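Presented below is the structure to which this report refers.
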Amino acid sequence: MSTIEDENGTKILRRTTEYAPRQSWRTWLIGRPLPTADAPHQTIRKIVGLAVFASDALSSTAYGTQEILFILAFAGMAAFGLAFPIAVAIVVLLAIITLSYQQVVRAYPNGGGAYIVARDNLGELPALLAGASLLTDYILSVAVAVSSSVAQITSAFPVLFDYRVPLAVVLVLFVMLINFRGVRESGAVFAVPSYFFLAMMFLTIGTGLARHLTGSLGTVVEPPALEVAAAQAITPFLILRAFSSGTAALTGVEAISTGTTAFREPRGRNAGITLIWMAVILGTLFLGITYLAVHIEAVPSEFETVISQLARTVFQGQGALYLGTIVATTLILIMASNTSFAGFPRLSALLGEDAFLPRQFAFRGSRLVYSRGILVLALLACLLIVVFQASVTGLIPLYAIGVFLSFTLSQAGMARRWWKIGHMAPGQERQERASTLRYQSGAIGTIDNSRRAVYGYDQRVEVFGDKGMVCVANKKPDSAEWSLADGIHSSLPLFFFLERYNDSYIAEMRAFVDCVVNDAPPPVTGLDGRIPVVMGYAAKQSVAEGRPVRLDEVGG
């Protein structure tokens, strides 16, 4: 037993022991068991959260452009010029979804994403649809990301093309093992590859744009053969299909809203900031890659990825920078599956708590992670990889329904939530299962000010707003309070004005004399008297019209 002091100087008894659990192959693989009390400390900062939860969305830039080109190839290479306008439309959609999920993470800081939003606002059946679509999306994210990472490897080393399926399965199991060790450790492991990828991609895009502007970029040397026969005209359906395939770049955007509980407090704010970072980076990379891919005349192919063609064109061969880009892209795609390993177990735990999945999914393992969810996700992803032979193009069409179904249900649920808030009475508060609804009138603040009262002149001012409250109390002759059986009592406020404002009157007379005798500028002017009058008019107009009124609207 030992004694320690906390930051406040309070002495605390701490029990110590020399006993250590026996080491086994299991603890060697995933680490020693953690006490449940350590759960709050297994949270992550925004900088690590970006690597853990945004890697899926950021890595989708590695195949988003390629999938657009694959569809446009049905109309021939002349249709590739439509890829950039389609990418712009997808980025606009990304901005809308990001703003919407900003509301979700702040309203639901305990996570759950589309499932929780739909459950609280739309009912059980829409919630189950949202949960099922998200779980399916997470499984596909792992399969697609790992398959794409193997495609990057085989682009640089074609001799490995026939081994892409076993390579992908091994990589999935590797990521599963890392996640068994816990959120904080896996986040630290994945942070370095994520930021290495960002550095290499911005270097590639920056160099490519510079060479394009100077006219020295050129086109892909010895591009792969176009695998699709151009036998279709450019139609609205083809463009919409290309748009649908390109929206694979939006996969993983919802992961932050599902895994909000992994962030440090304040969770909602930190998750929201990370979401904005992710959206800005994702939009920039996606537009840059698509713009350059069109200008270098990249060809979509199962044998060489668009990223590989872009890197060897920008860096003029397969030198160190080309290999660095391929390695970075491969790593981020492997790490991207970690987003699903962070989101799938948490969502399956919520469904388990609600008895829609076996309750065992809601139990944490020895490392304080939902180990059963991690295991099931890895097995299902491996099954998809084997069935589809690690083909990204074969897996992508399965994305569309699940991704956009969860997006739609989430936003419909938030619209319903705002409708409920708008129909609440002033001051009303309603506690729901995952959030609290509060009346919102749109007012910036509410000012209550009274004077005459039975206990004397009461001139307290209280301002209530969305961010907090400001209170100016009455001046009393003393600060004493006494507690009796009939209540708590204190001295009455000073009654007479000369008592209340004695110091103010003295300061005013001294300033007046200083102005007359010493020609000093007055500390108070007519503007100081005019502003309270303008504030009064603005407050009166605000009450009458039920909206915030700026001072400059009434002459302020």
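Everything quoted here is computed from the prediction, not taken from an experiment.
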Identify the heavy atoms of [X] and [Y] that sit nearest to each other, and give their distance.
{"X": "Ala248", "Y": "Ile396", "value": "CB-CD1, 3.7 Å"}
{"X": "Val172", "Y": "Ala378", "value": "CG1-O, 3.8 Å"}
{"X": "Leu282", "Y": "Ala249", "value": "CD2-O, 3.5 Å"}
{"X": "Ile90", "Y": "Gly246", "value": "CD1-C, 3.5 Å"}
{"X": "Ala279", "Y": "Thr98", "value": "CB-OG1, 3.3 Å"}
{"X": "Leu134", "Y": "Leu347", "value": "CB-CD2, 3.4 Å"}

Backbone N or O of [Y] within a donor-acceptor pair of the [X] side chain at under 3.5 Å?
{"X": "Ser244", "Y": "Leu240", "value": "no"}
{"X": "Ser348", "Y": "Pro345", "value": "yes"}
{"X": "Thr247", "Y": "Leu250", "value": "no"}
{"X": "Ser340", "Y": "Tyr138", "value": "yes"}
{"X": "Glu67", "Y": "Ser245", "value": "no"}
{"X": "Ser148", "Y": "Ala145", "value": "no"}
{"X": "Arg211", "Y": "Thr313", "value": "yes"}
{"X": "Arg164", "Y": "Ser147", "value": "no"}
{"X": "Gln309", "Y": "Val299", "value": "yes"}

Quiz prompt | Residue among Lys420, Arg416, Arg417 satisfying side chain to side chain donor-acceptor pair (under 3.5 Å) with Asn121 | solution =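 That would be Lys420; it is the only one of Lys420, Arg416, Arg417 passing the side chain to side chain donor-acceptor pair (under 3.5 Å) with Asn121.
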Taking the side chain as C-beta and beyond, is there a heavy-atom pair between [X] and [Y] under 4.5 Å?
{"X": "Leu285", "Y": "Phe202", "answer": "yes"}
{"X": "Leu351", "Y": "Leu135", "answer": "yes"}
{"X": "Phe196", "Y": "Ile332", "answer": "no"}
{"X": "Val104", "Y": "Ile116", "answer": "no"}
{"X": "Glu124", "Y": "Leu128", "answer": "yes"}
{"X": "Leu203", "Y": "Thr207", "answer": "yes"}

Practice problem: For Ser59 and Phe197, run side-chain contact (heavy atoms from CB on, under 4.5 Å): C-alpha distance rounded to whole Å, both residues' side-chain angles, the deciding distance at 0.1 Å, then the answer. | Solution: CA-CA 9 Å; Ser59 69; Phe197 167 76; 5.5 Å; no
Self-check item: Cation-pi geometry met for Arg241 and Phe237 (6.0 Å, 45°)
Solution: no
Quiz prompt | Selection residues 150-159 - residue pairs positive for side chain to side chain donor-acceptor pair (under 3.5 Å), sequence neighbours left out | solution =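 Matches after skipping sequence neighbours: Gln152-Thr305.
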Quiz item: Taking only residues two or more places apart in sequence, or in another chain, which ones meet Tyr163 in a ring-ring contact (aromatic ring centres under 6.0 Å, His included)?
Solution: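 Listed in chain order: nothing, the list is empty.
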Exercise. Could you pull out all residues at least two apart from Tyr291 that satisfy ring-ring contact (aromatic ring centres under 6.0 Å, His included)?
Key: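 ring-ring contact (aromatic ring centres under 6.0 Å, His included) check on Tyr291 returns Phe84, His212, His295.
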Exercise. Start with the C-alpha gap between Val91 and Phe286, add the side-chain angles, then the distance that decides, and say whether side-chain contact (heavy atoms from CB on, under 4.5 Å) holds.
Key: CA-CA 8 Å; Val91 170; Phe286 186 50; 4.0 Å; yes
Starting at [atom1] of [X], measure out to [atom2] of [Y] and round the result to the nearest 0.5 Å.
{"X": "Cys382", "Y": "Leu380", "atom1": "SG", "atom2": "CG", "result": "9.0 Å"}
{"X": "Gln66", "Y": "Ile71", "atom1": "CD", "atom2": "CD1", "result": "11.5 Å"}
{"X": "Thr219", "Y": "Ile296", "atom1": "OG1", "atom2": "CD1", "result": "8.5 Å"}
{"X": "Leu275", "Y": "Gln102", "atom1": "CG", "atom2": "CD", "result": "5.5 Å"}
{"X": "Trp277", "Y": "Ile273", "atom1": "CH2", "atom2": "CD1", "result": "6.5 Å"}
{"X": "Met414", "Y": "Leu122", "atom1": "CE", "atom2": "CG", "result": "11.0 Å"}

Quiz item: Hey, which of Thr393, Thr329, Ile307, Val144 is the one that makes side chain to side chain contact (heavy atoms under 4.5 Å, CB included) with Tyr63?
Solution: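 The side chain to side chain contact (heavy atoms under 4.5 Å, CB included) with Tyr63 is passed solely by Val144 among Thr393, Thr329, Ile307, Val144.
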Quiz prompt | Glu304 and Arg312 ion-paired at < 4.0 Å | solution =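 Result for this pair is yes, salt bridge flagged.
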Quiz item: Going through the checks in order, is the side-chain contact (heavy atoms from CB on, under 4.5 Å) test met by Val376 and Phe361?
Solution: CA-CA 10 Å; Val376 169; Phe361 280 95; 3.8 Å; yes
Exercise. Step by step, work out the side-chain contact (heavy atoms from CB on, under 4.5 Å) result for Gln318 and Ile326.
Key: CA-CA 10 Å; Gln318 295 180 306; Ile326 294 299; over 6 Å; no
